[in-house]
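Heads up: the structure comes next, in structure tokens.
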There are 2 protein chains.
Amino acid sequence: MLQASADIDTSETLTERQKAVLDAALRLLVEEGDNLTMTAVARRASCSKETLYKWFGDRDGLLTATVQWQASKVRVVPVDGERLDLASLTASLEGFAADWLKVISSDTSIALNRVAVGHAGSGKDDLGAIVLENGRFALARRLKPVLLAGKQAGLLDFTDADTAFRSFFGLVARDVQIRLLLGDRLELTEAAIGGDAVRATQQFLALFGAKTGRRATDL
Amino acid sequence: MLQASADIDTSETLTERQKAVLDAALRLLVEEGDNLTMTAVARRASCSKETLYKWFGDRDGLLTATVQWQASKVRVVPVDGERLDLASLTASLEGFAADWLKVISSDTSIALNRVAVGHAGSGKDDLGAIVLENGRFALARRLKPVLLAGKQAGLLDFTDADTAFRSFFGLVARDVQIRLLLGDRLELTEAAIGGDAVRATQQFLALFGAKTGRRATDL
DNA sequence: GGCAAGCCGTACCGTACGTTACGGTTCGCC
DNA sequence: GGCGAACCGTAACGTACGGTACGGCTTGCC
């Protein structure tokens with residue numbers, strides 16, 4: 001399984017200057033992909049290579065710090081346990097779907113996932129685990145309480161929350177992420193994302209909504 | 001959009017020896033990831049580096065040739081336009097789902113997608129386009145006739161075949177591919193794949209089946 | 001002012017690897 | 001047998017880049 005320590009919060013121990021350096025590395029990563037050099041980072045951040053090595057150890061350390069820094073920036077607000085009716089549940093699901101689509105189609109997410117996927121091949125570090133922990137698994141942790149509350153309120157019907165979540169995930173993301181990672185041009189306008197979010201939510205409710213009586217077997 | 005020339009068949013112009021070399025490169029790619037060296041390929045294939053460069057130009061040429069070679073190996077049989085009832089449609093969909101899960105969870109697919117994703121970052125070659133063309137888009141080309149036939153036979157109800165396909169794709173793949181690419185251990189036994197295939201098919205039929213009368217809006 | 005710490009800029013080193021060059025061997029053909 | 005083409009094995013070259021060292025500058029402290 002994944003390292004439990006992958007999502008420890010390191011953003012507190014960073015000085016402002018260090019954050020600025022990591023931001024520079026992040027921008028460079030988005031522009032150049034994984035073939036960014038230490039020299040390039042130093043030049044972009046207007047710092048010396050010696051400082052980079054003193055702060056982050058080596059290249060992999062810089063990369064992991066960059067990934068964790070970005071992860072710490074998207075730390076999310078826990079969803080409030082509001083009173084749940086079908087409308088608010090639908091709105092909540094649509095919000096999650098739109099947020100997720102916005103994330104996975106963003107330049108930084110694509111760049112970060114690219115380097116993490118590349119590094120997962122030669123398992124030196126656990127960039128993949130970090131990305132996964134702060135991406136897909138963080139989404140699950142945020143969404144599951146909503147699903148459980150929906151079930152509690154009699155709005156949803158499923159036996160395994162994880163299975164339900166993964167179906168929702170599939171209906172939302174479909175082939176978007178893999179196509180973007182593989183370099184397919186895929187314009188996701190704000191409107192298209194909104195449309196996809198309501199479509200995915202409607203489909204999910206059709207499959208797991210309790211009201212309709214009939215539903216697909218959820219295993 | 002994607003290069004139309006990405007799926008030209010090069011498997012005919014290759015000698016047996018060349019195919020053997022590419023097989024060696026493929027095995028090495030699965031084992032070592034993207035950091036395979038020309039020397040390693042030459043040693044594994046028992047050929048000289050001079051030959052590698054004469055045949056494939058440079059390292060990128062060897063990589064693209066390897067990817068295309070693997071792609072040409074999984075060229076599929078077109079689905080036969082059999083008489084369609086619900087049982088045969090269900091079986092066909094389950095077959096597609098199981099096949100796809102088997103493919104994306106295979107070691108070679110993971111390795112190939114990893115290098116393609118990595119190369120998509122620094123857009124020197126179009127490995128990503130090749131993988132996409134022979135993976136996700138090939139699947140769509142094979143599946144769409146089945147969906148259309150299902151609609152024709154009054155078994156399915158949708159307005160846009162592409163949208164229906166992408167929902168099917170999402171229900172089948174869910175988070176499997178991205179998790180595997182990011183290095184998450186995810187045991188997919190034969191039985192689990194079979195179970196997922198029927199689950200995804202049932203969910204798809206629940207959403208797009210025509211018999212039930214009620215269905216989710218498909219856009 | 002003197003000084004130490006932290007950092008910038010840059011020059012430098014070592015190495016891995018892509019690419020090329022070359023001698024030796026096999027094989028088909030005359 | 002003689003010959004050329006294709007190819008193997010390996011040595012050699014060039015370079016890019018990770019990592020280190022060092023001189024100069026600023027800043028805070030005595």
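Just so you know, these numbers come straight off a predicted model, no measurement behind them. These values consider heavy atoms only, across backbone and side chains, with no hydrogens, waters or symmetry-generated copies.
In this structure, A:Asp23 pairs ionically with A:Lys73, as a charged nitrogen and a carboxylate oxygen lie closer than 4.0 Å. Ion pairing between B:Asp34 and A:Arg114 fails under the 4.0 Å rule for side-chain N and carboxylate O. Under 4.0 Å is where a charged nitrogen must lie from a carboxylate oxygen, and between A:Arg174 and A:Asp196 at least one such pair does. Taking 4.0 Å as the cut-off between side-chain N and carboxylate O, A:Glu133 and A:Arg141 count as a salt-bridged pair.
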Stepwise salt bridge (charged side-chain N to carboxylate O under 4.0 Å, His left out) test for A:Arg44 and A:Glu31: CA-CA 12 Å; A:Arg44 174 70 70 99; A:Glu31 299 171 14; 2.8 Å; yes
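Taking every heavy atom of residues 42-64 of chain A and every atom of DNA chain D, pairs under 4.0 Å involve A:Lys49, A:Glu50, A:Tyr53, A:Asp58, A:Arg59, by number. Shown for residues 21-33 of chain B: no residue has heavy atoms falling under 4.0 angstrom of DNA chain D.
The main-chain N or O of A:Asp162 is found under 3.5 Å from a side-chain atom of A:Asp160 such that the two form a donor-acceptor pair.
Residues B:Asp58 and B:Met38 share a closest heavy-atom pair of C-CE, 4.5 Å.
Straight-line distance from the CD atom of B:Gln18 to the P atom of D:dA6: 12 Å, rounded to whole Å. Nucleotide D:dC17 holds its C1' atom 13 Å from the CG atom of A:Asp34, rounded to whole Å. Atom CE in B:Met38 sits roughly 17 Å away from atom P in D:dT10 (whole-Å rounding).
Taking the six-membered ring for Trp and thresholds of 30 and 60 degrees, A:Phe204 and A:Phe168 have ring planes more than 60 degrees apart, a perpendicular arrangement.
An OP1 or OP2 oxygen of D:dC8 is reached within less than 4.0 angstrom by a side-chain nitrogen or oxygen of B:Arg17.
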